[in-house]
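The figures that follow rest on heavy atoms only: side chains count, while hydrogens, waters and symmetry mates do not.
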Amino acid sequence: EVQLVESGGGLVQAGGSLRLSCAASGFIFRDYTISWFRQAPGKEREGVSTISISDGDTYYVDSVKGRFTISSDNAKNTVYLQMNSLNPEDTAVYYCAAGYGTIDPGWPLRGESNDYWGQGTQVTVSS
């Protein structure tokens with residue numbers, strides 16, 4: 001059974017940090033790209049960052065560059081999203097997703113076409 005389980009969300013003050021984890025099981029981790037998405041209340045889900053497990057290539061959307069860092073621990077089949085300098089606009093449910101293959105430069109986050117999705121973890125940033 002394929003599972004993606006997010007953890008690490010919570011309530012933090014503006015300027016603070018959180019580290020999200022995405023634990024994967026049920027598929028060959030190294031064959032996939034793992035991405036983070038988020039959905040704020042009343043808004044569409046948007047991509048945040050992605051990492052290709054096989055080659056370590058990464059991608060970030062402009063709004064999080066310099067603040068968020070994505071990484072993987074292949075021995076644990078886990079991807080992390082370190083989030084620093086958080087602001088209230090980062091408040092959302094954060095999801096991880098897995099897509100087969102490496103990062104496509106023309107469509108790095110793949111949107112809703114990822115193969116597997118987690119259930120999400122809530123991140124709330126207070127002002």
Side-chain angles (χ1 to χ4, degrees):
E1 179 188 7
V2 172
Q3 282 193 313
L4 292 171
V5 180
E6 302 96 335
S7 61
L11 174 64
V12 64
Q13 288 189 331
S17 299
L18 283 174
R19 189 178 80 156
L20 305 183
S21 299
C22 172
S25 61
F27 59 93
I28 301 174
F29 190 63
R30 65 178 180 272
D31 288 345
Y32 283 73
T33 294
I34 307 295
S35 302
W36 285 97
F37 289 76
R38 63 187 180 186
Q39 187 167 22
K43 294 186 177 182
E44 293 186 354
R45 187 153 57 184
E46 64 172 356
V48 174
S49 181
T50 190
I51 184 167
S52 172
I53 302 302
S54 61
D55 60 16
D57 193 17
T58 60
Y59 172 86
Y60 300 90
V61 295
D62 287 345
S63 60
V64 306
K65 280 182 183 176
R67 300 190 300 124
F68 290 11
T69 302
I70 192 169
S71 63
S72 69
D73 183 336
N74 295 356
K76 296 182 178 179
N77 281 12
T78 300
V79 168
Y80 303 99
L81 187 68
Q82 177 67 44
M83 306 187 296
N84 299 329
S85 302
L86 286 162
N87 58 63
E89 290 69 40
D90 296 315
T91 295
V93 177
Y94 282 71
Y95 301 89
C96 65
Y100 184 79
T102 56
I103 294 175
D104 177 350
W107 197 26
L109 290 158
R110 309 188 191 191
E112 300 300 318
S113 293
N114 281 281
D115 298 303
Y116 310 117
W117 291 85
Q119 294 300 305
T121 185
Q122 176 70 47
V123 171
T124 303
V125 184
S126 63
S127 57

Practice problem: Verify the ring-centre separation between Phe68 and Trp36: is it less than 6.0 angstrom? | Solution: no

Quiz item: Which residues satisfy the ring-ring contact (aromatic ring centres under 6.0 Å, His included) test with Phe27, sequence neighbours excluded?
Solution: Tyr32, Tyr116

Quiz item: Which atom pair, heavy atoms only, marks the closest approach of Phe37 to Gly111?
Solution: CZ-O, 3.6 Å

Practice problem: Would you check if the side chain of Tyr60 reaches a backbone N or O of Ile70 as a donor-acceptor pair within less than 3.5 Å? | Solution: yes

Quiz prompt | Cluster overlap Phe29 with Val2, hydrophobic side-chain contacts below 4.5 Å | solution = yes

Quiz item: Which pairs count as disulfide bond (SG atoms under 2.5 Å apart) when at least one residue sits in residues 4-117, sequence neighbours excluded?
Solution: Cys22-Cys96

Quiz item: Tyr95: what forms a ring-ring contact (aromatic ring centres under 6.0 Å, His included) with it, not counting sequence neighbours?
Solution: none

Quiz item: So, for Thr102 and Ser54, which heavy atoms are closest and what is the spacing to 0.1 Å?
Solution: CG2-OG, 3.5 Å

Quiz item: Once you round to the nearest 0.5 Å, how far does CD of Gln13 lie from OG of Ser126?
Solution: 5.0 Å

Quiz prompt | side chain to side chain contact (heavy atoms under 4.5 Å, CB included) partners for Thr91, two or more places apart | solution = Gln122, Thr124, Val125

Quiz item: Which pairs pass disulfide bond (SG atoms under 2.5 Å apart) with one or both residues in residues 34-68, sequence neighbours excluded?
Solution: none

Self-check item: Closest approach of Ser127 to Ala14 (non-hydrogen atoms, all atoms of both residues)
Solution: CA-CB, 4.3 Å

Practice problem: Using the salt bridge (Lys or Arg N to Asp or Glu O under 4.0 Å) rule, collect all pairs that involve residues 89-107, keeping only residues at least two apart or in two chains. | Solution: Arg38-Asp90, Arg67-Asp90

Quiz item: Counting heavy atoms not belonging to Gln39, are there more than 12 under 6.0 Å from its CD?
Solution: yes

Self-check item: Of all pairs that satisfy side chain to side chain donor-acceptor pair (under 3.5 Å), the ones with a partner from residues 2-12, not counting sequence neighbours
Solution: none

Practice problem: Not counting sequence neighbours, which residues clear salt bridge (Lys or Arg N to Asp or Glu O under 4.0 Å) with Lys65? List them please. | Solution: Asp62

Quiz item: Leu109 and Tyr100: same hydrophobic cluster, using ILVMFWY side-chain contacts below 4.5 Å?
Solution: yes

Quiz prompt | salt bridge (Lys or Arg N to Asp or Glu O under 4.0 Å): pairs with one or both residues in residues 105-115, sequence neighbours excluded | solution = Arg45-Glu112

Quiz item: Taking only residues two or more places apart in sequence or in another chain, which ones pass side chain to side chain donor-acceptor pair (under 3.5 Å) with Ser35?
Solution: Thr50

Quiz item: Which heavy-atom pair separates Leu4 from Ala98 by the least distance, and what is that distance?
Solution: CD1-N, 3.7 Å

Quiz item: Any disulfide bond (SG atoms under 2.5 Å apart) pairs touching residues 29-87, not counting sequence neighbours?
Solution: none

Quiz item: How far does CD1 of Ile34 sit from CD1 of Ile51, to the nearest 0.5 angstrom?
Solution: 9.0 Å

Practice problem: Measure the spacing between OH of Tyr59 and OG1 of Thr33 and express it to the nearest 0.5 Å. | Solution: 13.5 Å

Quiz item: Quick one: OG on Ser52 to CG on Asp31, what's the gap to the nearest 0.5 Å?
Solution: 10.0 Å

Only pairs under 3.5 Å count here: list side-chain donor-acceptor contacts from residues 72-83, not counting sequence neighbours, and write none if there are none.
from, atom 1, to, atom 2, distance (Å)
Ser72, OG, Asn74, OD1, 3.0
Asp73, OD1, Ala75, N, 3.1
Asp73, OD1, Lys76, N, 3.4
Thr78, OG1, Lys76, O, 2.9
Gln82, NE2, Asn84, OD1, 2.9

